[in-house]
Structures are given as structure tokens and as C-alpha cells.
Amino acid sequence: MIKFIKNFRKDEAGAVTVDWVVLTAAVVGLSAAAYTSIKSGATGLTANVATYMSEQNPSTTK
């Protein structure tokens with residue numbers, strides 16, 4: 001039983017899995033933050049374009 005505990009303590013395979021889980025969570029978090037930033041900018045740009053287009057009159061525009 002003592003040998004099993006010593007081998008279990010030396011085994012680092014689980015530590016690598018934890019590292020990958022933390023790294024993946026960080027990437028997902030950064031992706032969500034970037035998406036939020038891009039979404040708000042695109043929404044504002046779309047609203048500005050819609051306002052501009054609604055003010056145009058094709059019959060008077062040269």
C-alpha cells in the first residue's frame with residue numbers, strides 16, 4: 001500500500017491534464033471577451049450605416 005501511494009504521488013499525468021484544462025479555460029475566456037468587444041463595435045457601425053442610408057435620397061444624389 002505504501003508503494004502504491006509513493007507511485008501515485010510521483011505520477012504527473014494528472015498535472016498535465018490540469019494544465020490543459022486551465023489553458024483551455026483561459027483561451028475560452030479571452031475569446032468571449034474579444035467576441036463581446038467585436039459585437040459592440042459591429043452593432044454601433046451597423047446603426048451608423050443604417051442611419052446614413054435612411055437619410056439618402058436616390059433621386060437627388062448625383
Side-chain angles (χ1 to χ4, degrees):
M1 183 69 172
I2 303 244
K3 184 178 179 182
F4 172 75
I5 293 172
K6 286 182 181 180
N7 286 338
F8 182 75
R9 193 174 60 172
K10 290 179 183 179
D11 187 16
E12 294 184 9
V16 173
T17 302
V18 171
D19 289 344
W20 276 105
V21 168
V22 171
L23 181 63
T24 303
V27 169
V28 168
L30 288 173
S31 298
Y35 172 76
T36 303
S37 175
I38 291 169
K39 180 183 174 188
S40 64
T43 302
L45 179 62
T46 303
N48 291 342
V49 170
T51 302
Y52 176 79
M53 294 299 289
S54 66
E55 294 172 351
Q56 300 304 307
N57 187 353
S59 62
T60 60
T61 305
K62 294 180 183 181

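- Heavy atoms only, all atoms of each residue included: Thr46 and Ala42 are closest at OG1-O, 2.7 Å.
- In terms of hydrophobic clustering, with Ile, Leu, Val, Met, Phe, Trp and Tyr side chains grouped at heavy-atom distances under 4.5 Å, Tyr52 and Val49 are assigned to a common cluster.
- Annotation: the span from Thr24 atom OG1 to Asp19 atom CG amounts to 10.5 Å, rounded to 0.5 Å.
- Ile38 and Leu30 are not part of a single hydrophobic cluster, where members link through side-chain heavy atoms under 4.5 Å apart.
- From Ile2, atom CD1 reaches atom CG of Asn7 across 12.0 Å, with rounding to the nearest 0.5 Å.
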